[in-house]
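Worksheet: one structure, shown below.
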2 protein chains.
Amino acid sequence: MKLSKKTDYALRVLFTLVEHHGRGPIPIRELARRNEVPKRFLEHIMLDMKAKGWVDSLPGKQGGYVLAKEPSKVTMGEVIRHFDGILAPIGCVSATHYQRCSQESVCRFRRILLDARNYVARLMEQATLASVFLGAPVKEREVFAPGLMAGDGI
Amino acid sequence: MKLSKKTDYALRVLFTLVEHHGRGPIPIRELARRNEVPKRFLEHIMLDMKAKGWVDSLPGKQGGYVLAKEPSKVTMGEVIRHFDGILAPIGCVSATHYQRCSQESVCRFRRILLDARNYVARLMEQATLASVFLGAPVKEREVFAPGLMAGDGI
DNA sequence: TTAATATACGACTTAATTAATCGTATATGA
DNA sequence: TCATATACGATTAATTAAGTCGTATATTAA
Ligand code: SF4
Ligand code: SF4
C-alpha cells in the first residue's frame, strides 16, 4: 500500500471535519488552508467524497462542507481503496483488485506478501474515522519504536 | 509498500537462483523465460543486483548468473528497498526515506500508518531468501484467510 | 433584488515514474 | 575464431499522479 497525496489530502480533511462534527460547515478555503492542500485540487477531492456519501456541501454564504456520515461509519480502508484503488502491495494478493499471475503456483514470496496485505487490510478495515480520531497524534519518541504500537488504541 | 514490476521480477529471479544454488550459472535467457520477464529489461535488473553484490555473472559459453551471497544473507526488505526505495506507505513514517510533514504534530492518522509500516518493515527485514524459500507456495484455499498466516513459517 | 460567496465540473496541462527497447561494446571458452 | 555470454548508455513509450483553469450555478445575507 502506497498512499498518494490525494488520499493523504482526503484523510487530512476528513479528520478536520470529524473534529468539527456537528458545528456547521467549513468552507473549502478554510479546509485547504488548515491542511495545506491546494484549493483547486481539493475541490475535486471533495466532490469525489460527496459522491461517495462521506461529506455533504452547503452552497452560498456560510456554506461549506460537513461530514455526512457518522465518523464511526467510515473506515480508513474505504477511503484509501477509493482513491488509491488497492490496499495490497501487488495485484495477486488483492481481494478487491485481484489480478492473476501465471507464477502463482510456484511463487515462493507470494505468501509473505499475502501476510503483509492481510495485516494492513485488517488494520485499515477496522479503523474508523472515529476510532482513529480518538488516538492522539504520534509522539516523537514513539516513531519507529514498534513495541509501543501493539494494541495501542487502534 | 507497493511492489513495482521491477521488484517483482527481481524477486522471481532471485528465488530461481536460490533454488539452483550451487549448481552452476543460469543464463539470462533462461531466467527470463522461466519467470516470464522481458529479457532486455532483466539485463538491467541483473546488472543492478550484481552491483549490490547479490548475484555474480560468468560471461562466455556456459555462462550466466549465480547467487553471490548465501540465501540467508539477503532479505526481502533489502531487495524491495533497493528497487522501490521505500517500505513505508508514506514518507512521514519511513525510516530510510523519511520526509518531514508540517502536519505531523496534529495528524491523527499518522499513528496507524506507522503501525502498518512497522509491521511490514519488520516482516520484510527478517525475511531472508532462505527462510522465505522454505515456505511452500500459497495454496488456493489459504488466500485471504488471514487466520492461517500467523507464524506460518515466516 | 442583488452582490457576495459558495460549490460544480469538465477540460486541460504538467510532472514524475514506470516499464520497457535498442544498439553496440566487450569478455570468455569450447 | 566464432558462438555465446554479459555490459551499459541512450532512448522511448505508457501510465499515473498532481495540479490548474474557466465558467456555470446555487444560496443567502444585506
Ligand atoms: S510472481 Fe509471485 S508475487 Fe509476483 S505477481 Fe506473481 S504470484 Fe504474485
Ligand atoms: S498528513 Fe499525517 S500522514 Fe500525511 S504526511 Fe502529514 S503527518 Fe504523515
Side-chain angles (χ1 to χ4, degrees), chain A residues 1-13 17 24-33 35-68 80 82-86 89-91 97 99 101, chain B residues 1-13 17 24-33 35-68 80 82-86 89-91 97 99 101:
Chain A
M1 178 204 42
K2 195 224 163 204
L3 225 68
S4 65
K5 293 228 178 200
K6 202 169 180 176
T7 308
D8 191 44
Y9 291 163
L11 288 170
R12 292 184 196 184
V13 167
L17 292 179
I26 309 180
I28 276 196
R29 183 180 6 90
E30 177 67 9
L31 290 171
R33 195 189 55 71
N35 295 290
E36 293 194 51
V37 179
K39 186 179 153 243
R40 287 321 277 279
F41 193 28
L42 185 55
E43 284 179 13
H44 292 283
I45 297 173
M46 298 313 292
L47 217 41
D48 211 341
M49 293 206 284
K50 182 180 177 181
K52 288 294 290 184
W54 298 330
V55 301
D56 205 357
S57 64
L58 301 163
K61 270 184 187 174
Q62 322 289 343
Y65 279 92
V66 292
L67 213 55
I80 297 173
H82 176 68
F83 287 108
D84 287 344
I86 191 170
I90 197 163
H97 289 71
Q99 254 202 297
C101 168
Chain B
M1 181 205 39
K2 195 225 164 203
L3 225 67
S4 66
K5 292 225 180 201
K6 201 170 182 176
T7 307
D8 192 44
Y9 291 162
L11 288 170
R12 292 185 196 185
V13 167
L17 293 179
I26 309 179
I28 276 196
R29 183 178 7 88
E30 177 66 11
L31 290 171
R33 194 189 54 74
N35 295 291
E36 292 194 51
V37 179
K39 187 181 152 241
R40 291 313 283 275
F41 191 28
L42 184 55
E43 286 179 11
H44 292 282
I45 297 174
M46 297 313 293
L47 217 41
D48 211 340
M49 292 206 284
K50 182 181 177 179
K52 287 297 289 183
W54 297 330
V55 301
D56 206 357
S57 65
L58 300 163
K61 270 183 186 173
Q62 321 289 344
Y65 280 93
V66 293
L67 214 56
I80 297 173
H82 176 66
F83 287 108
D84 287 345
I86 190 170
I90 197 165
H97 290 71
Q99 254 202 297
C101 169

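Naming: A, B, ... by sequence-line order, numbering from 1 per chain. Treat the numbers as computed from the prediction; the structure is a model and nothing was measured.
- At a threshold of 4.5 Å between non-hydrogen side-chain atoms, the residues A/D56 and A/K50 count as touching.
- One can place CZ of A/F41 at 19 Å from P of C/dC12, the figure rounded to the nearest angstrom.
- The CZ atom of B/F83 sits 6.0 Å away from the CD1 atom of B/I45 when rounded to the nearest 0.5 Å.
- Considering CG of B/L47 and OG of B/S57, their distance stands at 8.0 Å, rounded to 0.5 Å.
- For DNA chain D, the outermost nucleotides in 5' to 3' order that have an atom under 4.0 Å from a heavy atom of chain A are D/dA18 to D/dA29.
- B/H82 pairs by the ring-ring contact (aromatic ring centres under 6.0 Å, His included) definition with B/W54, not counting sequence neighbours.
- Taking the side chain to side chain contact (heavy atoms under 4.5 Å, CB included) definition, one finds that A/H44 meets it with nothing, sequence neighbours left out.
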Side chains of residues 4-11 of chain B: which donor-acceptor pairs under 3.5 Å do they make with residues two or more places apart or in other chains?
residue, atom, partner, partner atom, Å
B/S4, OG, B/T7, N, 3.3
B/S4, OG, B/T7, OG1, 3.0
B/S4, OG, B/D84, OD1, 2.6
B/T7, OG1, B/D84, OD1, 2.8
B/T7, OG1, B/D84, OD2, 3.1
B/D8, OD2, B/R12, NE, 3.2
B/D8, OD2, B/R12, NH2, 3.0

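- Partners of A/R33 by side chain to side chain donor-acceptor pair (under 3.5 Å), not counting sequence neighbours, listed by chain and number: A/E30.
- Contacts between residues 44-63 of chain B and DNA chain D, counted as heavy-atom distances below 4.0 Å, involve B/H44, B/L47, B/K50, B/S57, B/G60, B/K61.
- Separating the CE atom in A/M49 from the CE atom in A/M46 is a distance of 4.0 Å, to the nearest 0.5 Å.
- Applying the salt bridge (charged side-chain N to carboxylate O under 4.0 Å, His left out) criterion to A/R40, with sequence neighbours excluded, gives A/E43.
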Discussion item. Side chain to side chain contact (heavy atoms under 4.5 Å, CB included) for A/V13 and A/L42? Distances and angles first, verdict last.
Written reply: CA-CA 9 Å; A/V13 167; A/L42 185 55; 3.7 Å; yes
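- Residue B/D84 contributes atom CG, which lies 10 Å from atom C1' of C/dT18 at whole-angstrom precision.
- Contacts with DNA chain D (heavy atom under 4.0 Å) in residues 3-13 of chain A: A/S4, A/K5, A/K6, A/Y9, listed by number.
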Distances under 3.5 Å between nitrogen or oxygen atoms of protein and nucleotides 13-15 of chain C:
none

Throw together a table of side-chain donor-acceptor distances under 3.5 angstrom for residues 58-65 of chain B, partners on residues two or more places apart or in other chains.
none

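- If you check C/dC9, C/dA6, C/dA20 against the side chain of A/R40, the one that comes closest is C/dC9.
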Discussion item. Show, in sequence, the C-alpha distance, side-chain angles and deciding distance for B/L17 and B/V55, and conclude whether the side chain to side chain contact (heavy atoms under 4.5 Å, CB included) test is met.
Written reply: CA-CA 9 Å; B/L17 293 179; B/V55 301; 3.7 Å; yes
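- Note that the CE atom of B/M1 and the NZ atom of A/K2 stand 13.5 Å from one another [nearest 0.5 Å].
- One axis for each end of the helix from C/dT1-D/dA30 to C/dA30-D/dT1, each built from five base pairs, and the angle between them comes to 0° at 10° resolution.
- Partners of A/K39 according to the side chain to side chain donor-acceptor pair (under 3.5 Å) rule, which considers only residues two or more places apart in sequence or in another chain, do not exist here.
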